[in-house]
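To keep things clear, I will list the structure first and then write my remarks on it.
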Amino acid sequence: MLVAENSQKLIDTATKRVIELYDRVLRSQSNKRTVQLVAGAATAFILYRVYAVIALPPIALRGLPYVNNLRVIWTTLRGDTPWVQFKKLYAPALAKSNERGMYVRCGRVGWCVYVENPALIKKVLLKGELFPRAEHSFGEGDTLLNGMIRHPSILTEPGEKWKKHRKASSPAFHRAMPVNIFGHLVQNLFIAIEKNSNIVEISGLLERFGFDAITSAGFEYNANAIGDRDSEWVKLYTDLKDGAFSPLFFLIPAFDTKYRHLFPRRVQLHQDLKRFIGKIEDIIVKKRAQLLQGRSQVDEAEKDLCTLMLESEADGEGSSLSNDELLNDLIAFILAGHDTTANALSSAFYYLAKDKAIQQKLRAEAIEYLGDESHDVIPTVEQSKAMPYLNMVIRETLRVAGPAVWTSPRTVAEDTELGDYLLPKGTHVIVDILALQHDADLWPEPYKFDPERFAPENKSSKTASSWLPFGGGQHQCAGMNMSLAEQRVLLSMMVRKYEWDLAPGSPHQNDIVMSGMDIIGPKDLQLVFKKRY
Ligand code: HEM
């Protein structure tokens, strides 16, 4: 939370004390002037203490450069995205840290040390025992946010409880590579693009593509978000997600719990949540029953995650999850998997529209691998992995405009030195992916889109450890390979079929304009498509 709960308590106590003091001073007739001076000084001191609690980090962290929290609150209320906040506030703080590569600011879990130095990042990500995931990073209680990011799940638990979820899903993520599912959804996207007269709002369309992709690949349910933006599933999910991250309820969770009855729309959303959960529960129950009848005959790589998880559980391979736990993980996959991939793709469309030579080079490669006949070709897994330039474009997009700007927060398990700085037990630490991937020492001209950085001859160990769009260590993105497959299939098919350009008068003409808070992507990106066949 941007304003920690204990700050509120301190403000209340301080206000009470100041009122009591004034009351005593004003009633006292003796030596009034001296008493007024003392009262004034006491008030100033208390006000400073209140300011310090809200605006400044704990004393133990003040040896690192930090960002005054009032500035963070202000920029957040203004609706600045992390992309803008980084340029305005965090990059200057980081610049003050010189070689250290650490700065402090208030984030979702309170005051955090943000780390950008690759060597320190390695320590944070690889020493899981010392830097376990922070508990309750999405708050506690019966809020809509906790109804969506459900406990216990792969996204929420630290330690052994998390391991159980990761173990249950690892075999499934290892096997799933559903290029045909993705390819057929890309064909639905073609239909949607051609329904538009001229200008296509591609970022919204890709979000709907991402939703169909994760419901199909997650539990064999095509929500048909591409075909029908008002479909029941899409509306339900969008309302719930917007509601869960609504700033008012995010900042003051009591409005969503104790005082929910004062907000009828909120009450409705909680009922909608039950309906949404019920739909996925039904799918799980049906799939468990199907498994008792025999294995799915679908090709292993095209099976959905839920089926694969149940099958590996039956084989004693993954760990065993209750229906509730499995449900929580499936919802986690939707939340973690749909916006991220959609925004990455949207950014790729932007950079390819801005640089026609790169777009053409990518097209030439897709034609070389998939042919130039006038019909759609869904690449095989092997073909999609083999296209070197496609992979360079994807990697560079994830560097320059990676949708996940930070890793999940970790909490220091005992007093620990990070670099030359002692972090007390309980300090929160976050890897600043955005800062790392825009460090000019590691990535010259960091805001320039240049896939050649990833050409084999330009590879270096320095950049290998500085490309972390999926995080790293034990919590590295579980869906990384699935997301990469989705991006390869979509981009290779799209570039074979269309040429595209920014829409006339696009606000993105000079520079990409981002939207989003934790997950970012181009804001309302509009493109003009020209069909090649
Ligand atoms: C471009 C697309 C994606 C990006 C950039 C991305 C990025 C990330 C990042 C940065 C983390 C946190 C890592 C950490 O804390 O160290 C993460 C975790 C996670 N992601 Fe992704 N992700 C993407 C797509 C997906 C997809 C498609 C899925 C599911 C199908 C998925 C599922 C998860 C899960 C389950 C976790 C938690 C892993 C754990 O703690 O064990 N992500 N992702």
Side-chain angles (χ1 to χ4, degrees), residues 82 108-109 115 121-122 124-128 131-134 137-138 149-150 152-159 161-170 172-174 176-178 181-182 206-207 209-219 304-306 308-309 328-348 394-395 397-411 428-434 436-437 467-491 516 518-521:
R108 191 162 23 91
V109 282
V115 188
I121 288 178
K122 200 166 162 192
V124 171
L125 294 181
L126 297 186
K127 293 203 180 287
F131 296 91
R133 165 186 272 157
S137 58
F138 297 97
I149 302 176
R150 304 175 68 75
S153 82
I154 188 169
L155 280 186
T156 57
E157 302 308 299
K161 287 197 214 149
W162 158 78
K163 269 190 198 150
K164 178 179 164 186
H165 287 263
R166 182 84 189 201
K167 228 175 123 192
S169 59
S170 282
F173 277 113
H174 192 67
M177 198 51 70
I181 293 182
F182 296 147
L206 286 170
E207 245 193 65
F209 167 85
F211 190 67
D212 285 350
I214 194 62
T215 56
S216 303
F219 42 89
D304 63 278
L305 293 169
C306 180
L308 287 167
M309 284 169 81
N328 295 353
D329 283 349
L330 293 181
I331 297 183
F333 301 156
I334 303 180
L335 284 165
H338 116 272
D339 272 7
T340 42
T341 308
N343 281 334
L345 283 166
S346 215
S347 295
I394 291 174
R395 285 174 79 87
T397 306
L398 289 169
R399 182 201 66 81
V400 71
V405 283
W406 311 299
T407 62
S408 52
R410 316 297 206 254
T411 307
H428 297 307
V429 178
I430 285 181
V431 172
D432 194 328
I433 300 174
L434 182 60
L436 174 73
Q437 298 190 155
W467 185 81
L468 288 177
F470 295 99
Q474 58 182 6
H475 287 290
Q476 185 181 48
C477 176
M480 176 171 84
N481 289 331
M482 181 176 269
S483 170
L484 289 173
E486 195 176 329
Q487 295 178 55
R488 291 179 188 125
V489 170
L490 186 140
L491 285 172
D518 272 14
I519 302 297
I520 60 168

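Whatever order the structure lists ligands and atoms in, that order sets their numbers, starting from 1.
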Close N or O approach (Q487, ligand 1; < 3.5 Å):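 No, no N or O pair falls under 3.5 Å.
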Backbone or side-chain N or O of W406 under 3.5 Å from ligand 1 N or O: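 No, W406 has no N/O under 3.5 Å of an N/O on ligand 1.
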Mark the output for [X] as yes if a heavy-atom distance to ligand 1 is under 4.0 Å, and as no if none is.
X    : result
P403 : yes
R133 : yes
I433 : yes
R410 : yes
G472 : yes

Proximal protein heteroatoms (N, O or S) of atom 21 (Fe) of ligand 1, under 2.8 Å: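 For atom 21 (Fe) of ligand 1, the protein N, O and S atoms that sit under 2.8 Å away are C477 SG.
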Considering non-hydrogen atoms of the protein only, which is the closest contact for [atom], and what is the distance?
atom                    : result
atom 38 (C) of ligand 1 : R166 NH1, 3.3 Å
atom 5 (C) of ligand 1  : P469 O, 3.4 Å
atom 36 (C) of ligand 1 : L155 CD2, 3.8 Å
atom 12 (C) of ligand 1 : H475 O, 4.1 Å

Interfacing atoms of ligand 1 (cut-off 4.0 Å, heavy-atom, I214):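 Once the distances to I214 are compared, the set is 30 (C).
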Matching residue for F470 among L484, T407, T340, I433 - test: side-chain contact (heavy atoms from CB on, under 4.5 Å):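 So the option named by the test is L484.
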Contacts of A176 that satisfy side chain to side chain contact (heavy atoms under 4.5 Å, CB included) - sequence neighbours left out: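 Only P178, L305, L308, M482 meet the side chain to side chain contact (heavy atoms under 4.5 Å, CB included) criterion with A176.
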H475 and W162 aromatic ring geometry - parallel, tilted or perpendicular at 30°/60° bounds: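 Tilted, since the angle between the ring planes falls between 30° and 60°.
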Any donor-acceptor N/O pair, Q437 side chain to L468 backbone, under 3.5 Å: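 Here the side-chain-to-backbone pair exists.
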Closest approach of A213 to F182 (non-hydrogen atoms, all atoms of both residues):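 That would be CB-CE2, 3.8 Å.
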Taking every non-hydrogen atom, the tightest pair across I430 and P409: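 It is CG1-CA, 3.7 Å.
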I214 vs F333 side-chain heavy atoms within contact, under 4.5 Å: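 I214 vs F333: side chains touch.
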